[in-house]
Amino acid sequence: MLVFALLIGTSWTGRASVARVDVDPALHAGDVALIQVAAGTAWTVAADLTSAGATDVAAFDSVNVVSARLSDQALATVATDRAVLRATTDGHVTAVGGPNGNGKDLDEFGSNNKKDSLGIEAIEAPNAWGRSTGAGVVVALMDTGIGAHPDLPAGKVIARANFAGTAGVGLDPAGHGTHLAGIIAAHGSTFRGVAPDARLVDIRVLDQNGDGSLHNVVEGFDWLLKNRSALSIRVLNLSLGTTQRSSYHEDLLAALAEAAWFSGIAVVAAAGNDGPVPGTVATPGADPFVITAGSFDDQGTPSQQDDRESAFSSRGQTVDGFAKPDVLAPGRRVVSLRANGARLELTKPDRVVTSTAANVNVNGNGNNKDNVNLYIRMSGTSVSSAMVSGVAALILSAHADYTPTKTKGALVASGRSVTGSVSRAVTATTALTATPRQVNRLLLPSRLLMTTLENSGVAGAGTTWEGVTWEGVTWESVTWESVSWESVTWESISWEGVMWETVSWEQDPLLDSAR
């Protein structure tokens, strides 16, 4: 199974200064740098670095980040340019196959059961299709790509963006993203996903080996924020993460995830595969706003009495003290689509489904005698995240007016008890009819994200934010192209009151006033 880790050599301190650029001491000439810049200056800084001899220069103006391979002169330019707020070495993004952080294969870790999961039947998705099939909802998948497959018919993937290069075989040379896409929205005669009529957007940030860089992820979010409205994206699946080493207020991935969340996109993130030790939830899944998915093992039986939280599934509390994951979904030995010829199948041939009927016909009609080798089993919370993203699509198809917070509330309200776990398993049928729980109350958005509001004129410097209901803010009035991801100097901000007159509210703020 492929799981994701961002191996970032340096952490974001959250400190910014216009008088002195915060340059990572590990950054040297010849390195690729991620450079945070003042709002509206990305293209100017990129041009200056190019003139100074930098190569591979790219400006991501939606998130005010520039990436470049620095020359000696360009490094000196970075250190003295007052538009530059912080410069750090690029992070390494990798897809890790096989064992989790404990060195155990996820298929076997914590269980000797060899049965494949019931898949989407374990969350009652087929029973929900009489009310919702995900029609009209678009789910973005930021992963290794989405390959061609008979169960992903023409028109299923409505847009593709590739930030991981062209090497490898096919549209998904690693195979991981195709598996997740099938869980979310496959619609074949043999195999269907949770939301079979939802459509997909493929944002590829990892290469044929499952490797990439943090700037690939930044570039992916830059594209997402610019294209979210035109493509009507309502859900984002993030089966990627890194160890949470600091508060979400100082975490670039958390800030990016919140930017999507407040843009009206329900963000679903994998909890990680470093359980059962507490305090192991990965970021951005550790962000309190987003929907974090952990894994449960259905043991391959229809009985719910033997369901257990997967031993590998990461669990809270987070660095900031938040309980995670928000919900559980099947994540062990789950069968879904195979991207034929992908590296995943070549390196893990034992996981390719070659038998008939039972292995893949658990949620479809007919049998698969003519579909041998089109499917593969995988394990991990990335699979669980895809399950939850599919349920989010079902919810939004049935309740088009739901905000991301209401969608999260419906998912949490749908949960059923799992023996021995404080987290609850999502149930698709209940999620469509339950009154959404009150979630995300009294949370403060990422401090990295807060400068978006100041730079966009939603609020002035010194505005107080305690108690603001963020889902009530008209986020469409925010100019995302002016986002500045540097941390502000919070000593100058008062947290004791709220200047309500500076905030623009929707017509019915009571819809989310308690969320």
Side-chain angles (χ1 to χ4, degrees), residues 4-14 16 22 24 27 31-43 45-46 49 54 56-70 78 83-95 140-144 161-165 201-207 211-228 233 236-242 248 250-263 265 267 269 282-284 287 290 446 448-449 451-452 480-487:
F4 290 79
L6 294 178
L7 306 179
I8 300 176
T10 58
S11 60
W12 296 79
T13 65
D22 188 358
D24 185 345
L27 187 60
D31 292 342
V32 173
L34 285 179
I35 305 159
Q36 292 175 281
V37 299
T41 66
W43 291 105
V45 171
L49 292 175
D56 302 325
V57 180
F60 310 124
D61 55 336
S62 284
V63 291
N64 290 316
V65 173
V66 174
S67 69
R69 187 175 298 279
L70 301 179
V78 166
V84 174
L85 302 167
R86 191 174 195 277
T88 186
T89 53
D90 194 8
H92 179 218
V93 184
T94 183
L141 181 63
M142 193 175 292
D143 214 276
T144 65
N162 182 5
F163 305 109
V201 169
D202 175 10
I203 305 175
R204 185 178 162 207
V205 296
L206 299 172
D207 67 12
D211 292 323
S213 62
L214 181 56
H215 98 263
N216 295 147
V217 178
V218 172
E219 193 170 8
F221 271 98
D222 179 66
W223 186 91
L224 173 75
L225 292 174
K226 288 178 178 176
N227 291 278
R228 73 192 190 283
I233 297 171
L236 170 64
N237 186 87
L238 293 175
S239 292
L240 52 81
T242 184
Y248 74 97
E250 300 173 355
D251 188 314
L252 180 61
L253 280 174
L256 291 168
E258 286 187 26
W261 183 271
F262 292 128
S263 295
I265 300 172
V267 179
T283 182
D287 185 272
V290 305
S446 162
L448 297 179
L449 182 62
T451 53
T452 302
W480 292 101
E481 285 69 19
S482 68
V483 173
S484 181
W485 295 107
E486 80 277 12
S487 181

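Atom-to-atom distance recorded for I233:CD1 and R228:CZ is 9.5 Å, nearest 0.5 angstrom. Separating the CH2 atom in W261 from the OG atom in S446 is a distance of 14.5 Å, to the nearest 0.5 Å. Atom CD of Q36 sits about 11.5 Å away from atom OG1 of T41, to the nearest 0.5 Å. Taken from CG in L224 to CD in E219, the straight-line distance is 13.0 Å, to the nearest 0.5 Å. Interatomic distance, CD of E258 versus CD1 of I265, reported as 13.5 Å (0.5 Å rounding).
At least one donor-acceptor pair under 3.5 Å links the side chain of N227 to the backbone N or O of W223.
In plain terms, the two heavy atoms of V267 and V290 that are nearest each other are O-CB, 3.7 Å. Scanning all heavy atoms of the two residues, the minimum distance from F60 to V218 falls at CD1-CG1, 3.7 Å. The nearest pair of heavy atoms linking P284 to L240 is CD-O, 3.5 Å. Listed here is the closest heavy atom pair of H215 and S67: CD2-OG, 3.8 Å. Of all the heavy atoms in L236 and A260, the pair that sits closest is CD2-CB, 4.3 Å.
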Could you give me the CA-CA distance, side-chain angles and deciding distance for L141 and V201, then say whether side chain to side chain contact (heavy atoms under 4.5 Å, CB included) is met?
-> CA-CA 6 Å; L141 181 63; V201 169; over 6 Å; no
Side chain to side chain contact (heavy atoms under 4.5 Å, CB included) assessment of V205 paired with D143 = CA-CA 6 Å; V205 296; D143 214 276; over 6 Å; no
Test side chain to side chain contact (heavy atoms under 4.5 Å, CB included) applied to S263 and L225, step by step = CA-CA 8 Å; S263 295; L225 292 174; 3.6 Å; yes
Derivation and outcome, side chain to side chain contact (heavy atoms under 4.5 Å, CB included), residues I203 and F163 | CA-CA 8 Å; I203 305 175; F163 305 109; 3.9 Å; yes
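Each of L34, D31, L27 was scored for a side-chain contact (heavy atoms from CB on, under 4.5 Å) with T88, with one residue passing: L34.
Two residues are said to be in side-chain contact when any heavy atoms from C-beta on lie closer than 4.5 Å; N162 and D202 fail this criterion.
Residues meeting the side-chain hydrogen bond (donor to acceptor under 3.5 Å, both in side chains) test with D287, sequence neighbours left out: none. Under the rule for a side-chain contact (heavy atoms from CB on, under 4.5 Å), the partners of A42 that lie at least two apart in sequence or sit in another chain are V37, A59, D61, V66. By the side-chain contact (heavy atoms from CB on, under 4.5 Å) test, V32 is found to be paired with R69, D90, residues two or more places apart in sequence or in another chain being considered.
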